[in-house]
> 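Below you will find the structure I want to go over with you.
By convention in this document, chain letters (A, B, ...) are assigned in the order of the sequence lines, proteins followed by strands, and residues within each chain are numbered from 1.
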Amino acid sequence: MRMSQLVLKTLREAPSDAEAISHQLLVRGGFIRRLASGIYTFMPLGMKVLKKLNRIVEEEFDNAGAQQMLLPALHPVEIWEQTGRLTKMEDVLMLTDTKAGRFVLAPTHEEAVIQSVSSDLSSYKDLPAVVYQIQTKFRDEARPRFGLLRTKEFVMADAYSFDADQLAMRSTYQRIYQSYLKIFDRCQVPFAPVEADAGAIGGDVNHEFMAPSAIGEDHFASCPSCGYAANIEAARAGGRRIETPLVDHEETVMHHTPSATDIKGAVESINSKGLALTPADMLKSMITVDPNGELTMFVLPGDRELKVPSGYRLLEAEEFERYGFLVKGFVGPMGMGNLGVKVVGDFSVSAPKGWSAGANVADYHVSGAWLDRDFFVDEWDSVVVVKDGDPCPRCSEGMKLVRAVEIGHTFQLGLAYSSKLSIASFVGADGQTHPFWMGCYGIGMTRLVAVIAEYFADEKGLRWPSEVAPYKVGLMSIGATRSEEVRELADRIYKDLMGAGVEVIYDDRDLGPGVKFADLELIGIPYLCVVGQRGIDSQKLEVRSRMDGSTTQVPIDEIVGYLVNI
RNA sequence: CGGGAAGUAGCGCAGCUUGGCAGCGCGCAGCGUUCGGGACGCUGAGGCCGCGGGUUCAAAUCCCGCCUUCCCGACCA
């Protein structure tokens with residue numbers, strides 16, 4: 001491609017609304033242009049990068065035996081009603097009403113793929129099967145962010161697997177999981193597969209693929225010793241209940257703590273009476289409703305945050321009135337056993353100490369409350385949101401919290417969808433109808449562009465790994481308008497590279513060398529070949545690596561061969 | 001949805017306090033010089049000053065309402 005022909009205008013300054021480096025550089029380099037908040041056009045250079053990534057996914061998925069297809073982006077609303085996700089995902093669904101009916105702009109494709117392939121997978125002989133697509137998805141993001149990182153319209157590569165039983169599903173899952181490792185390796189971004197929460201997609205076992213990054217919106221806990229890694233929403237801390245013999249301890253004391261309805265207020269209020277408590281000495285007692293509608297109280301140290309287990313929800317403020325014994329703001333674990341409230345304690349609550357807690361009386365807290373004397377715990381578990389240094393649940397080593405971007409997510413859906421959709425079934429060898437055991441697998445392609453851009457960016461601009469670069473070689477002439485010799489040589493090398501199948505972008509513009517260097521560096525072409533009078537005089541051309549900055553002098557008559565094999 | 005900031009040429013910004021010709025840099029077009037690190041000179045094109053209303057002889061500027069965008073949080077995967 002001749003740069004004089006390229007639809008591209010690099011910007012010396014980034015738009016003021018671009019915050020993240022990747023966003024700034026992708027706009028400055030002419031890869032993307034904003035059409036509306038969270039909606040971007042992929043310009044020719046950006047499209048090249050996206051196609052490179054798509055190619056990697058296609059190769060690895062094809063290798064794993066998955067078959068590419070293309071599902072519709074517009075779905076009739078009925079298929080979303082059948083699985084109940086119309087309400088479950090309503091915050092992000094983009095609904096459209098037309099003369100022809102109601103449709104949703106699809107945020108994901110589980111329903112559509114089942115509708116589409118079920119009749120082609122009617123027998124156990126048709127299984128296993130894996131299909132995938134690379135498609136635009138739509139989500140009504142409340143807050144699009146950081147350019148391509150979080151958008152309303154984005155490209156995702158999503159695969160769906162269909163198996164006859166759980167064992168087969170697991171083996172398929174493993175196969176696709178391996179493809180994921182290869183795909184991200186080829187993108188050269190650091191990443192970690194972590195255990196995760198299934199969210200609105202549903203299902204049981206699942207993994208997120210997290211790329212550590214400064215623009216990450218997620219955190220995962222990672223154990224440097226044994227390799228345990230889990231999203232902060234799913235991560236558990238290690239620990240166990242500490243058994244301590246009950247001896248004579250100080251008596252519990254009631255403290256008048258008017259309007260001290262939170263941990264901070266209670267600590268201040270009690271300390272004003274001469275004690276020296278910290279939030280870590282308080283018990284945080286959180287009332288939740290379990291999946292059966294029963295009350296469960298979680299008890300944890302006051303300086304920690306409760307990780308609400310999936311299926312549970314916090315009791316709403318208005319609901320407190322329904323339970324007279326719950327005094328909002330002054331709740332504590334004392335006496336809960338007699339009131340039919342199950343108490344689940346974090347392991348750390350078994351530490352041998354007198355706790356302070358809500359007294360279950362308006363405007364009162366107690367101090368010196370001892371486990372097994374003043375309050376009782378029915379069940380012990382790790383119920384806190386993990387923080388830096390917490391012990392690993394497997395090996396007890398201190399864990400690290402890492403900021404990261406989710407670039408992929410794989411799910412063992414099991415029967416989550418096929419139990420709701422009768423067509424998601426096949427006839428087994430026994431002649432009976434059985435539901436599919438499904439899996440689904442997604443990679444945020446446009447998000448990956450942002451993550452790679454962000455990770456490799458330097459002060460001069462982008463640096464694309466060679467497998468995803470829009471062009472492999474940047475060829476530039478210096479002083480070609482003045483020197484016919486330079487122009488002819490550069491033209492000839494360009495033609496030869498094209499003939500040899502090298503992806504080359506040729507800066508043939510009538511501009512000074514500074515601009516050309518700056519532009520090719522900004523757009524991050526991996527190798528830069530400079531053709532100027534200096535090179536003709538020495539019969540050697542300079543080839544620079546954008547990634548590591550190294551330069552090599554290559555004899556003119558070997559230059560094409562060198563660039564082909566580099 | 002809550003908090004904060006901002007909308008003036010394609011991009012970055014000044015002008016607004018104190019109302020009076022719509023400006024600067026980059027980019028763009030033409031001519032010339034220059035040519036191994038965003039070089040220079042001359043000439044030129046480009047504007048619903050976010051939108052609507054109000055005050056005024058006169059509004060980018062003052063007042064009211066709305067819209068949009070970005071950041072932090074909530075939500076979300």
Side-chain angles (χ1 to χ4, degrees), chain A residues 7-20 23-24 27-30 33-39 85 88-93 107-108 110 137-147 149-152 154 156 158 194 196-203 206-210 215-220 231-234 404-411 440-444 447 459-461 476-483 485-487 490 507 509-522 528-538 540-542 544 551 553:
Chain A
V7 176
L8 167 77
K9 191 84 69 188
T10 58
L11 267 39
R12 196 178 289 215
E13 285 166 301
S16 59
D17 59 14
E19 179 87 355
H23 186 192
Q24 293 180 2
V27 173
R28 282 187 53 207
R33 294 274 115 104
R34 195 181 72 93
L35 189 62
S37 178
I39 305 178
R85 289 168 102 199
K88 203 167 178 182
M89 292 188 81
E90 68 180 338
D91 289 348
V92 284
L93 275 187
T108 171
E110 285 79 11
K137 304 261 194 282
F138 302 86
R139 289 188 192 168
D140 193 11
E141 287 292 346
R143 180 138 101 86
R145 238 182 283 216
F146 296 148
L149 190 74
R150 186 173 208 80
T151 53
K152 290 188 164 152
F154 57 96
M156 181 184 270
D158 46 326
V194 311
D197 195 60
I201 304 294
N206 73 100
H207 292 90
E208 283 176 332
F209 291 76
M210 301 287 250
I215 54 170
E217 300 177 292
D218 294 304
H219 292 267
F220 68 90
N231 186 300
I232 186 138
E233 290 172 19
V405 176
E406 177 193 357
I407 50 179
H409 205 156
T410 55
F411 300 82
C440 76
Y441 318 83
I443 299 176
R447 176 179 277 188
E459 65 288 345
K460 288 178 174 170
M476 60 174 270
S477 57
I478 291 176
T481 5
R482 191 190 39 183
S483 161
E485 207 183 353
V486 168
R487 196 187 59 74
D507 195 344
R509 298 174 299 176
D510 181 16
L511 292 170
V515 180
K516 294 190 180 187
F517 277 118
D519 275 353
L520 284 167
E521 283 161 353
L522 171 63
L528 172 58
C529 175
V530 186
V531 181
Q533 192 58 48
R534 197 198 278 176
I536 289 172
D537 293 344
S538 66
K540 282 184 177 171
L541 298 181
E542 180 183 326
R544 283 193 205 176
T551 66
Q553 300 292 328

> Which heavy atom of A/V486 sits nearest to which heavy atom of A/S477, and what is that distance?
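Smallest interatomic distance, heavy atoms only, reads CG1-CB, 4.1 Å.
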> Nearest nucleotide by nearest heavy atom, which residue falls closer to the 5' end of RNA chain B, A/G532 or A/D91?
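In this pair, the answer is A/G532.
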> Check this one for me: any side-chain N or O of A/R534 less than 4.0 Å away from OP1 or OP2 of B/G36?
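For B/G36, OP1/OP2 do not have a side-chain N/O of A/R534 under 4.0 Å.
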> How long is the line joining CZ of A/F146 and P of B/C76, in whole Å?
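Rounded to the whole Å, the gap is 19 Å.
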> Hey, does A/G442 reach any base, or is it just sugar-phosphate, or nothing, if we go heavy atoms under 4.0 Å?
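The residue A/G442 makes no contact with any strand.
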> Does a side-chain heavy-atom distance below 4.5 Å link A/D17 with A/R34?
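The answer is yes, as the side chains (C-beta and beyond) meet within the 4.5 Å cut-off.
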> Using side-chain heavy atoms (C-beta onward) and a distance below 4.5 Å, is A/K516 in contact with A/I478?
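No, too far: nothing below the 4.5 Å cut-off.
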> Could I get the full list of side-chain hydrogen bond (donor to acceptor under 3.5 Å, both in side chains) partners for A/E542, not counting sequence neighbours?
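Once residues adjacent in sequence are excluded, the partners of A/E542 under the side-chain hydrogen bond (donor to acceptor under 3.5 Å, both in side chains) criterion are A/R544.
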> What is the distance from CZ of A/R34 to C1' of B/C70, rounded to the nearest Å?
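These atoms are roughly 9 Å apart.
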> Whom does B/C70 pair with, Watson-Crick or G-U wobble, provided both distances fall under 3.5 Å?
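Paired with B/C70, as far as the under-3.5 Å criterion goes, is B/G4.
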> Distances for protein N/O vs nucleotides 6-8 of chain B N/O pairs under 3.5 angstrom?
none

> A/E521 near the nucleic acid: base, sugar-phosphate alone, or nothing, with a heavy-atom cut-off under 4.0 Å?
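A/E521: base contact, heavy atoms under 4.0 Å.
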> For A/E485, give me all partners under side chain to side chain contact (heavy atoms under 4.5 Å, CB included), at least two apart in sequence or on another chain.
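Residues passing side chain to side chain contact (heavy atoms under 4.5 Å, CB included) with A/E485: A/S483, A/Q533, A/I536.
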> Output the rounded distance in Å from CZ (A/R85) to P (B/A77).
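Nearest whole value for this atom pair: 9 Å.
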> Rounded to whole angstroms, how far apart are CD on A/E90 and P on B/A77?
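From A/E90 CD to B/A77 P: 12 Å.
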> Output yes when at least one side-chain N/O atom of A/R143 is less than 4.0 Å from OP1 or OP2 of B/C70, else no.
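No, because none of the side-chain N or O atoms of A/R143 sits under 4.0 Å from OP1 or OP2 of B/C70.
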> Kindly indicate whether the side chain of A/D158, heavy atoms from C-beta on, has any atom under 4.5 Å from the side chain of A/C440.
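Sidechains of A/C440 and A/D158: no contact.
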> May I ask you to say what A/A18 touches in the nucleic acid, namely base, sugar-phosphate or nothing, with a heavy-atom cut-off under 4.0 Å?
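Touches nothing.
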> Applying a 4.0 Å non-hydrogen cut-off, can you work out what A/K9 is touching in the nucleic acid: base, sugar-phosphate, or nothing?
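Answer is sugar-phosphate: A/K9 comes under 4.0 Å of backbone atoms only.
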> Using the P atom on both, measure B/G44 against B/G23 and round to a whole Å.
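The same atom, P, in both gives a distance of 14 Å.
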> At what distance, to the nearest 0.5 angstrom, does CZ of A/R482 lie from CZ of A/R487?
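So the gap between those two atoms works out to 14.5 Å.
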> Begin with the C-alpha distance, continue with both residues' side-chain angles, and end with the deciding distance and a verdict on side-chain contact (heavy atoms from CB on, under 4.5 Å) for A/F517 and A/K460.
CA-CA 10 Å; A/F517 277 118; A/K460 288 178 174 170; over 6 Å; no
> Under the salt bridge (Lys or Arg N to Asp or Glu O under 4.0 Å) rule, collect the residues that match up with A/R145, sequence neighbours excluded.
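A/E217.
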> In whole angstrom, give the distance that lies between atom CD of A/E19 and atom P of B/G4.
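It is 19 Å, rounded to the nearest whole Å.
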> Does any non-hydrogen side-chain atom of A/T108 lie less than 4.5 Å from one of A/R85?
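A side-chain contact exists here, since the closest heavy-atom pair is under 4.5 Å.
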> For atom C1', what is the distance between B/A22 and B/C16, given to the nearest Å?
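My reading of the C1' atoms in B/A22 and B/C16 gives 13 Å.
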> When rounded to the nearest 0.5 angstrom, what distance separates CZ in A/R12 from CG in A/D519?
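Between A/R12 CZ and A/D519 CG, I get 9.5 Å after rounding to 0.5 Å.
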> Atom CD of A/E217 to atom P of B/A77: distance rounded to whole Å?
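Roughly 13 Å, once rounded to whole Å.
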> Establish, from distance only, whether the side-chain atoms of A/K152 and A/S37 form a donor-acceptor pair under 3.5 Å.
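Looking only at side-chain atoms, A/S37 and A/K152 do not form any donor-acceptor pair under 3.5 Å.
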> Can you tell me the distance, in whole Å, between the CD atom of A/E13 and the C1' atom of B/G27?
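Nearest whole value for this atom pair: 10 Å.
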> With a non-hydrogen cut-off below 4.0 angstrom, is A/V530 in contact with a base, only sugar-phosphate, or nothing?
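It contacts base atoms.
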> Which protein N or O atoms sit under 3.5 Å from an N or O of nucleotides 40-45 of chain B?
none

> Considering every strand and a 4.0 Å limit on heavy-atom distances, what is the contact class for A/S483: base, sugar-phosphate, or nothing?
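No contact at all - A/S483 keeps every heavy atom at 4.0 Å or more from the nucleic acid.
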> Any N/O pairs under 3.5 Å between the protein and nucleotides 13-16 of chain B? List them or say none.
| residue | atom | partner | partner atom | Å |
| --- | --- | --- | --- | --- |
| B/C13 | OP2 | A/S16 | OG | 3.3 |

> Does any donor-acceptor pair link the side chain of A/R28 with the base of B/G38 at a separation under 3.5 Å?
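Under the 3.5 Å cut-off, the side chain and the base do form a donor-acceptor pair.
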> Rounding to a whole Å, what distance do you find between A/L511:CG and B/U33:C1'?
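Those two atoms, CG and C1', are 15 Å apart.
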> Taking atom types as they are modelled, would you say the side chain of A/N231 forms a donor-acceptor pair with the base of B/A77 within the 3.5 Å cutoff?
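Under the 3.5 Å cut-off, the side chain and the base do form a donor-acceptor pair.
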> Going by heavy atoms in the side chains, are A/V405 and A/M210 under 4.5 Å from each other?
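Not touching, per the 4.5 Å side-chain cut-off.
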